[in-house]
Each structure stands twice: as C-alpha cells, then as structure tokens.
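Comments concern the structure below.
Each residue takes its place number in the sequence, starting with 1.
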Amino acid sequence: MMDHKETDISGTPVLPDQGRRNFLETTAKATLAGAGLAMGLAACKSDKPAATAPAKAAEGDGARAVAPGEFDVHPGKLDSYYIFSSAGHNGEVRIYGLPSGRTLKRIPVFNLDPMVGWGITNESKKIMGTKPDGTLKYTTGDTHHVHGSYTDGTYDSKYLWTNDKLNGRIARIRMDRMECDAITEIPNVQGFHGIFPDKRDPVDSNINHTTRVFCGAEFHSPQPNDGRDVNDPTKWFALFTCVDAESMDVRWQVKVDGNMDLVATSYDGKLAATNQYNTENGYLLADMMSAERDACVFFNIERVEAAIKAGKSFTIGDSKVPVVDGTHAANQDPKTALTCYVPVPKNPHGVNLSPDGKYFVCSGKLSPTATVIATELVHKWFAGELKDPRDAVVAEPEIGLGPLHTAFDGRGNAYTSLFLDSQIVKWNVEKAIAQYKGDKSVQPVVDRIDVHYQPGHTYASMGETKEADGKFLNAGNKFSKDRFLPVGPLHVETEQLIDITGDKMRLIHDHTAYPEPHDAIIVRADVVKTKQVSDMNDFPNAVKSMDDNRVERHGNKVFVYMTSQAPNYGLAEIKVKHGDEVTITVTNHDKVEDLTHGFGIEKYNVNFIINPQETHSVTFKADKPGAFWIYCTHFCHALHLEMRSRFIVEK
C-alpha cells in the first residue's frame, strides 16, 4: 500500500486522502503508456478491494469530515444556491438546490415531456421546430453545457443557453420562467459541443452585458454536406459559430483547424477561446495523434466582424451565414490575424477563465498538466508584440492523471478534475507561475480529494463570474458503482458536493443524477429572480373572459376556446365530427401561485399543463369516434377528481 508521503506517477506529492490509489494508479500507468487509448479501463472493477486506505489516510479524511447536520437544509428552509445542469442525452436541463442536492425542476428543451406538454402543445412545437406535416423535426437531443447571461461580469438572471451536440442546435431558456423560449439550428456543423456567452460587447465598450453566444463544433464534416466529398474526409472541416443573444440568429462562422471542445470568453469581450484537439485535421485516430501538441485557439472577435464587414467572407451551400478563414495557415501575421493558436499538450479537454480574467486554463487529458495562458499576452500577440503564441503560456504545472475541467474559488486557487485519478486537485495559479519561471521550491498543488468515481466536469459557486465566492465545488462523476442501491444495469450517476472554504477540501455529500449530467453552473439564490404567476397579456391567444368559452367551425377545422378555474373547465362538453382537425386553446384563470391545471384527453395522446394566467393549445385529428373524458392531470383543488369535461366525436 502506498505511503501517503510518497509521490505519484506525475511526481506530485500524494496527500493524505488517497483511498483506492493502488487500483487507480495501476490503471493510469497503463493508460498513459497506451497514449490515452484505454481511458475507459479505469472504470473497470478491480479484483482487490478498491476502498481500502492506510490508517494515516483515514486520519486525514477524518480531519476533513463534515459534522452531522453542518450543511443540512431543514424542512421549510431554502437552499442558498441553484445548480443549472445539462442532462446529456436526455436532452433537458435540470435545476438542483445547493447544498441540499434536491432536484427542483427538469426543464424540457430538446426532449419530449408529457407532464408539461413540451413537444405536444402548439407553442412548444413551434419552438422545437416541425416538418411540413406538423410533426417534430427532432425528438432527441444531447445537452452538454449550460451557461448564463452576464451583466458587468456576473450573472444577471436573464437567460441560460445550452447546446444540442446531436443535432447541432442551441437553445435559450428564460430564467424568469425557467422555460425554453428559442431554439436555433446552426448550419454546417456537427458535434456542437462547447458553448459560452460573451460577457460584454466586443465592439461597443458601453454595452456591458451579453450580446453574443459562441459555439464550437467538434466534428469535421463535408462543406456543404449535400452528398459531395462524402468519400474524401481531407476536405472536411469544422466551424466556430457566433449566435446573437437576443434574436438567436446565427451571425457568422469561422473555419478552423482541428476539433473544438469547450469554449471560454474574456471579461473585456474581445476574446473567445476553444481547446482544440486534432489540429492535424486527421480523420483516423493515428492521424489525429501525430503532432506533438494541439492548441488552445483564441478568436479576435472584433477582427472577425471587421473582416466580414469588409466582405472578406464566403458562404457554404444554401446557408447565407458569412464564413471567414480562421485556419492557422491563413493567420500567420499577428497584426491581421483573426485567430491565435497557442500550442498546448496533446488532446486538451476543457478551457476555463479565472475570475480575475487574467488567465485561461487548458487541461491536458493525455498529459498530467494544466496549461495557464495569460490573457494579456494573447492580446500582445495579436498586437504583434509577442513573437511566438507559445510565449503566452505562463505556467504548466503537473497536477495528476487525466485532467479535464478547471474551476476557481476567487482566492487564486484552481480546482481541476482528474478523470484517471478519480480526484479533484486544488492548485494555486501564482505558485504554478512561479514554478514555471524556475522556482523549484514552490509546490503548486495544495490539496487533493478522492471522488467516486472518475469525474468529468467540476464547477464552483459563482466560479465563472467576477463574484467567485469559494464556498462550494461540485464534482460530476461518470460512474457510481457501489455508492447507491443497485437498480439494474443502468446505474444512477454521482454528483458530489465539496466544501472549499478552507485550506482542505471536505466532501459534504453525494447526490444522485440521472445519466448523463455534464457541465453546470452554481448561482447564488439571491441572483435568480423568477415569476411565480404569469401575465395573461403575454399570451396572444389567451381566452381572457370566462364568458368567452366557445367552439368555432371552419370547414373540417374546429377551434375550441375554453378557460379553466378550479375545479371547472369553461366547457362541460366539446362536440366534433370524426375526421375533424381540432385545435383546443385553454387559459388558466386562477391567480394563485402554484395552482396549475392539467389537460388530458383519454385515448388521444394529449396531455399538458397550464400554469396560473397562462394559455396553451394543441392541434390533433379527431380520428376515433366515441365519447372521451377530458380531465385535470395536475392536482389543483379538493374537487380535482371532479374537474372534467367530455370530448364527443360523432360519426
């Protein structure tokens, strides 16, 4: 068993909380030897007990133990933070309370949700996008990242954005309602992964809020993808995209070398960055691994937009979106370059900006290092004052195996998830810079904590704003195995909340997450401002009068306008003819907070809710003759079960 005073494979001193290190380090050595091709092996079970730790390690963990009830949120009390989390291939966004870990809401975005009627109501289908026959264009999605809008460098509770990696779409969520209000399909991209809003306008310095959202595409594809060049991947490439924050229109795109992963933006609005693997532009794994380094690519937003304004752009296929050339070969002169490719170790995964805006941190994945890039030096390269983009690197500490994502506490410390080591490592940025300059007495790594197991994203409370407060860190782990009661082959996944207020990290608790959570943000509760009751005037099709319940026929199209007010629907009966196209519009006239009604029609695949003062509608074919009950599917009143109407379909 390893002594806790020894060093690990990266040469970093092993600190006291090193449970399972035998198992994990053995796998990690084999992984690095195989150039990262066997990363998944670290998830396999060991024949030896994996949770046995030496006595001193146990003492170290005990010293960090959270006292019973220290972070409890008692009945009737509210959480102090929200987590807004992507949900992976479920296609939704989830809201958790912190520090309780309680699930507060699931926001349907790219997925169907019969509870709220997302993908069923006319209003939601219009947002999601439909085919000419009125059916949904897509019924699947894959959300990876969630980020919020900014004013003066911190969250303003206006919007959230999330991506759909599967179908190349970006969605926006209104935070006052916590509901999706817009979805845009991005042209000519596949594998849309990284996403980040700007923090202020890059051109007009007087606009100190989010105006653009940047989107990185991970996969190369034929351009245009219309059947040409499908057998010649050497002609394929990826595009970096800018979307307007308000209109949700695509503003422009940039052709790049490599595959984009995550995105980060500077506080001055001038720069966006993506960590880039496969800068070789290979299409076979061996080709992707041939170069010694990959890159963190910086986009000079003001120059990109100036180039487009000057007509130095082209379009692809049927798309009218202007595209500029941001490849390395086309941007050799720093004084005119649109992009800056800063070399970093192979296959980086994750790029994050420090709260003071001084540094971008890009993790190595196949290297046990994190690369620290100075924002000021990137600007100097674009000004022609820095000879080599690599000179913008100011630190590259060895922190552990499989580094992925980095969060910050606002006190100069960074927290990086180590996928292979199954740890979160805490390291000091200024110490890392001093070590890089040659001070061999400095040790940047100041703490480690085991997590269970193999973390992907990690994120800190307010950590992506100027108001990073260094209170909580969450580790989103890809495997749970023995952490929870078994429920069959598909295991629930693990979110672990960590206290980072002191010198040593402390594990607060595990909370479960239905697969597969990815990135998230932690926002102080006082920042978030929501509407508890809607305004009826916000719904153009509202049935505003309780006396205006009616049925209108126009040929074989029937339009039903009705109200609901607990415990009654405005119409006791709706009669239509077999084969009619029926549109039913319902307005909830209740004004009491939390008094939501449901609207379900037996055998007709119709189910949705109407919150207080809201209006929703559905359109469907009356294809089954007979009598069918309409009933309230969402508890609303002591006479909830009696809240019914009849849907009569006559032959």
Side-chain angles (χ1 to χ4, degrees), residues 73 76-87 92-109 116 118 123-124 127 145-162 170-183 195-201 207-213 244-248 267 355 410 459-469 471-472 474 519-539 588 590-596 609-615:
V73 180
K77 301 296 182 182
L78 303 180
D79 283 288
S80 51
Y81 292 83
Y82 291 88
I83 287 184
F84 298 99
S85 175
S86 54
E92 65 187 21
V93 168
R94 298 183 184 133
I95 307 176
Y96 303 100
L98 238 63
S100 72
R102 298 181 293 211
T103 299
L104 302 178
K105 186 172 183 177
R106 297 169 58 182
I107 306 174
V109 181
V116 302
W118 193 254
E123 293 77 17
S124 62
I127 293 170
H145 301 100
V146 176
H147 294 289
S149 55
Y150 289 80
T151 295
D152 195 23
T154 193
Y155 299 128
D156 59 15
S157 191
K158 187 175 183 181
Y159 296 128
L160 298 168
W161 287 274
T162 190
I170 178 173
R172 185 178 68 190
I173 293 168
R174 279 181 52 173
M175 290 186 71
D176 62 342
R177 301 176 58 82
M178 299 301 176
E179 294 174 355
C180 178
D181 77 334
I183 294 176
I195 178 175
F196 215 100
D198 66 7
K199 300 180 179 76
R200 68 183 305 152
D201 193 280
I207 300 176
N208 193 11
H209 59 78
T210 293
T211 57
R212 299 156 175 80
V213 185
D244 188 276
E246 290 296 334
S247 70
M248 289 290 285
Y267 281 99
Y459 38 91
S461 49
M462 300 296 288
E464 291 184 324
T465 75
K466 290 181 178 180
E467 297 183 331
D469 58 26
K471 292 186 177 180
F472 295 112
N474 199 82
D519 200 9
I521 57 175
I522 302 177
V523 184
R524 284 198 329 269
D526 65 282
V527 173
V528 178
K529 309 297 182 185
T530 61
K531 287 185 176 181
Q532 303 307 102
V533 176
S534 296
D535 185 340
M536 190 180 292
N537 294 315
D538 289 340
F539 299 85
N588 181 349
D590 282 303
K591 298 179 180 179
V592 179
E593 178 179 336
D594 202 22
L595 212 169
T596 295
I609 62 170
I610 321 101
N611 293 310
Q613 298 290 291
E614 292 182 7
T615 300

So, [X] side chain and [Y] main chain: donor-acceptor pair closer than 3.5 Å or not?
X    : Y    : value
S86  : D519 : yes
N588 : D590 : yes
R94  : I83  : no

Are the side chains of K105 and Y82 in touch, meaning some heavy atoms are under 4.5 Å apart?
->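 In short, these two side chains do not touch, never coming nearer than 4.5 Å.
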Is there a side-chain contact between R524 and E467, using heavy atoms and a 4.5 Å cut-off?
->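 Of all side-chain heavy-atom pairs linking E467 with R524, at least one is under 4.5 Å.
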Could you pull out all residues at least two apart from D201 that satisfy salt bridge (Lys or Arg N to Asp or Glu O under 4.0 Å)?
->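 Once residues adjacent in sequence are excluded, the partners of D201 under the salt bridge (Lys or Arg N to Asp or Glu O under 4.0 Å) criterion are R212.
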side-chain contact (heavy atoms from CB on, under 4.5 Å) partners of [X], counting only residues at least two apart:
X    : result
A171 : V109, F110, T162, C180, I183
K471 : Y81, S461, D469, T501
K591 : Q613
D594 : none

Electrostatic pair D156:K158 at N-O distance under 4.0 angstrom =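 Judged by the 4.0 Å cut-off on N to carboxylate O distance, D156 and K158 do not form a salt bridge.
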Using 4.0 Å as the upper bound for N to carboxylate O, is an ion pair formed by R177 and D538?
->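 No, no charged N to carboxylate O under 4.0 Å.
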Which value, rounded to the nearest 0.5 Å, describes the distance between E593 atom CD and N611 atom CG?
->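 Spacing of CD (E593) from CG (N611) equals 11.0 Å.
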Using ring-ring contact (aromatic ring centres under 6.0 Å, His included) as the criterion, list what pairs up with W161, not counting sequence neighbours.
->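 Residues passing ring-ring contact (aromatic ring centres under 6.0 Å, His included) with W161: Y159.
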Take the angle between the ring planes of Y267 and Y150 and call it parallel below 30°, perpendicular above 60°, tilted in between.
->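 Ring orientation of Y267 relative to Y150: perpendicular.
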